[in-house]
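Down below is the structure, laid out as structure tokens.
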Number of protein chains: 2
Amino acid sequence: MSTTSMKDVARAAGVSVGTVSNVLNRPEAVAEDTRARVQAAIAELGYVRNDSARQLRAGRSRNVAIVVLDVANPFFTDVVRGAEPLVDSAGGVVTVCDSGEDLAREQRHLEILEEQRVLGLLITPVDESSAERLARLTAHDIPVILVDRGAGRYPHCSVAVDDVHGGRLAARHLVELGHTSIAFFGGPPTIPQVADRLAGCREVCEEAGVRLDTYASASLNAEGGRASVDQMLALSDAPTAIFCANDLLALGALQGLTMRGVKVPEECAIVGYDDIDFAAAAAVPLSSIRQPRAQLGRTAAQLLFDEVAEGSGHTHRNVVFQPELVARASTVADL
Amino acid sequence: MSTTSMKDVARAAGVSVGTVSNVLNRPEAVAEDTRARVQAAIAELGYVRNDSARQLRAGRSRNVAIVVLDVANPFFTDVVRGAEPLVDSAGGVVTVCDSGEDLAREQRHLEILEEQRVLGLLITPVDESSAERLARLTAHDIPVILVDRGAGRYPHCSVAVDDVHGGRLAARHLVELGHTSIAFFGGPPTIPQVADRLAGCREVCEEAGVRLDTYASASLNAEGGRASVDQMLALSDAPTAIFCANDLLALGALQGLTMRGVKVPEECAIVGYDDIDFAAAAAVPLSSIRQPRAQLGRTAAQLLFDEVAEGSGHTHRNVVFQPELVARASTVADL
DNA sequence: GACCCCTCATGAAACGATTCAATAATGCCG
DNA sequence: CGGCATTATTGAATCGTTTCATGAGGGGTC
């Protein structure tokens, strides 16, 4: 079944290809009956527009790419969901690319996306290494919006969440509940998010004269949370509250405490970060710091379309959202 | 910055466009020094291939689309991750489209994907309504692979998991542990997966002479699990074990039981379904039925490429995988 | 009836790559 | 040195749209 083209439709309807094109793109410029005839031909032949040809002419695609560190991470999937409606209504499709935190894969994806002349892309880069290539994309008129990275330090628009403030919120909550000794569960301190959250937490602790112990596990998952709990409980005067750099650590911590018979929150309180769906679904619902994830995606997409619309007269914007505390049973018993 | 084309490169290198094309596609057919000259020109001008033009000529894209019911569902993200490497190594990109279980969005996506002449697509359709359109895609030489749906009932290849068997595994496990009364937590029975899992469970229970109560909550999430626990505990002779149609229900059930002080697994055992990452991370690690999700994606992608390669001589294949039981602390205390 | 204005439809020229038959250049053999 | 492969390069045709200058036909006005 060789593809039917506009030429076939034109022949069947007894008009020129120009007219068929008009029916598709500016139907109001075509006389009533001609339009009907063409549409009938389209339906009968099962004609489907060839987007490659369209794009070739237009010079760019209407697809938006989003390059994430991990498709399975709820943070990113929510960002994707936030961005999708806007792209949809612009007649495009969202291409989700998973870099898997692997620089080589990220680069390959960027290469291909550039070849595809995507309308623009939202990206959380693995690290700084891609800065140059991203700059080149922008130079080639492909807007790049940074998600949760490098706000203001690069020649791109960006959306981010104030992680330092998130750290403050968590610490303040625990301090207000009367805790005088807090543990921070984090991962490799090279991760900026983790460092920021800790910074905000430390700020509040110092101000309140509260003791702060930090634990760094190999990775930010449940296993890491369990391991840190083991370490922590080995102390004779273990802290009475834990602030985890993300919810996975928090779930692991909850598991570790449960296995040892430590009651949450009576004997040890937990605050997570991200407020993923599973935080509320945990055996003891987890208090957590919520980031406006969908809004992050929506805003990123909006910035992208703005940049496309404004063209060369565009000025980069860096939008920072504030996170909020969601208190649940893991810190407050009677909830 | 107007885009630089092969023509510009050709001019800069003092060769014809045909030669530039050769350097890109069959470098071995070009003399050493010419190739070097062309490559230098490419680098200097920052030339990037225009994929639209390439596609137009080739007649089809190298991108593979995967249309899922929910990007945030770990089941689908794992399927995506399974499929990605294959697509990658074929030089394509995976376009992830989220239908959000909304038929209209699904149709819109299919429309666009057909216009983009994607290499093929993996899809879990919302319902049967799209059957016709999918058939048309196949007729237009775009292979469609059904994921976890309609095995054998449609003119497409498919991959699926044997849910009836999964139900059997869960029930058998509980029966072997000595339970004589089991609760099945499910959702709307119109969902085929739920019906199959129940069917397998029922089969084993009847055979073993074990009592089986079924609870159907409004939706398959934690909230539903909590609600069903409430209903179940209202009974004077509540079952001592619960088999949940998915892990979200199971997490909700665990939460409900924990809030009421019912000990898991001593007083009530729980088996979930899907073995999502959070199952192992729960306060009491959840026993669950694991589906080979990544393999599902990998196989689906493989079937797609096979179909592309075989062309018209292709025969559809329906691959069914067997799930397996993962026993954890929610059924076996000393684990 | 000459003139002008509208509304529609036309056809050809892009867009940027790939492909392939044709040609040019080179080397080799007898 | 003529003839024949072999190897490198070329140039033009092609893919399917969109766009736009051009023109045909039909009223309406003076």
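The sequence lines fix the lettering, A, B, ..., with proteins before strands; numbering per chain opens at 1.
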Taking atom [atom2] of [N] as reference, at what distance in whole Å does atom [atom1] of [X] sit?
{"X": "B/Glu32", "N": "D/dT9", "atom1": "CD", "atom2": "P", "answer": "11 Å"}
{"X": "B/Arg11", "N": "D/dG11", "atom1": "CZ", "atom2": "P", "answer": "14 Å"}
{"X": "A/Asp33", "N": "C/dA9", "atom1": "CG", "atom2": "C1'", "answer": "12 Å"}
{"X": "A/Gln116", "N": "C/dG16", "atom1": "CD", "atom2": "P", "answer": "17 Å"}
{"X": "A/Glu28", "N": "C/dC8", "atom1": "CD", "atom2": "P", "answer": "10 Å"}
{"X": "B/Arg35", "N": "D/dT9", "atom1": "CZ", "atom2": "C1'", "answer": "14 Å"}

Under 3.5 Å side-chain donor-acceptor pair for [X] and [Y]:
{"X": "A/Glu115", "Y": "B/Asn50", "value": "no"}
{"X": "B/Arg49", "Y": "B/Asn25", "value": "yes"}
{"X": "A/Arg117", "Y": "A/Asn63", "value": "no"}
{"X": "B/Thr138", "Y": "B/His156", "value": "yes"}

So, taking the atom named CE in A/Met6 and the one named OG in A/Ser16, what distance separates them when rounded to the nearest 0.5 Å?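 Answer rounded to 0.5 Å: 8.0 Å.
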Report yes if at least one side-chain N or O of B/Ser16 is closer than 4.0 Å to OP1 or OP2 of D/dG11; otherwise report no. no
Base, backbone or nothing for each nucleotide of nucleotides 13-21 of chain D, written B, S, -, heavy atoms under 4.0 angstrom, 5' to 3'? -BBBBBB--
Can you name the nearest heavy-atom pair linking A/Ser129 to A/Gln107, along with the distance? O-NE2, 4.2 Å
